[in-house]
Amino acid sequence: MAQYYSDIYTAVRCIPEGRVATYGQIARLAGRPNGARQVGYVLANASPEQALPWHRVINAKGEVSARAHVDYEDYQRMLLEEEGVQFDLRGRVNLKHYQWQDSDDKEA
DNA sequence: CTTGTGACTGTAC
DNA sequence: AGTACAGCCACAA
């Protein structure tokens, strides 16, 4: 499969426990600064075998992205709360406090 | 190749 | 703070 997928998988798996990352952030780590949507597409098609912490990936609003079934959104929120991520009264996460501070910039 | 769709994001009002 | 619009990339038909 495309290296693109592997990069996304790697980026997602780099998200530490109790932290969250936005789709744009993952896309940037995967080398696709403008591929936030593709990250969502990949995660949507990702097999459970990939063991991806997809629950740590949320949108730029700090909200759990809408999926086909609302039950899954609640499930994702539950997983995050299990890791210590707290949601506000409106079901959103304070990115200023829980967003994963990735230090990938080096590479070179 | 063209069109439509989607777990998104940033800018403008 | 919330809503609207446009830009973005990958994939199925």
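No experiment lies behind these values; they were computed from the predicted model shown. Here is how names work: the chains are called A, B, and so on, in the same order as the sequence lines, proteins then strands, and each is numbered from 1. Just the heavy atoms: all of them, side chains too, but no hydrogens, waters or symmetry mates, feed the values below.
Sorted by first and then second residue, the side chain to side chain donor-acceptor pair (under 3.5 Å) pairs with a member in residues 57-69 of chain A read Y23(A)-S65(A); sequence neighbours excluded. Within the structure, side chain to side chain donor-acceptor pair (under 3.5 Å) contacts touching residues 10-22 of chain A (residues at least two apart or in different chains) do not occur.
Among residues two or more places apart in sequence or in another chain, the side chain to side chain contact (heavy atoms under 4.5 Å, CB included) test is passed with A46(A) by Y9(A), L52(A). The side-chain hydrogen bond (donor to acceptor under 3.5 Å, both in side chains) check on Q99(A) picks up Q25(A), with sequence neighbours excluded. With sequence neighbours left out, D88(A) forms a side chain to side chain contact (heavy atoms under 4.5 Å, CB included) with R90(A), R92(A).
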Seminar exercise, completed: Going 5' to 3' through nucleotides 6-12 of chain B and flagging B where a protein heavy-atom sits under 4.0 Å of the base, S where only the sugar-phosphate is that close, and - otherwise, we get BBBSS--
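Here the P atom of nucleotide dC8(C) and the CD1 atom of I26(A) are 22 Å apart, to the nearest Å.
Comparing G35(A) and R92(A) against DNA chain C, the residue whose closest nucleotide sits nearer the 5' end is R92(A).
Under 4.0 angstrom from either OP1 or OP2 of dC11(C) there lies no side-chain N or O belonging to Y4(A).
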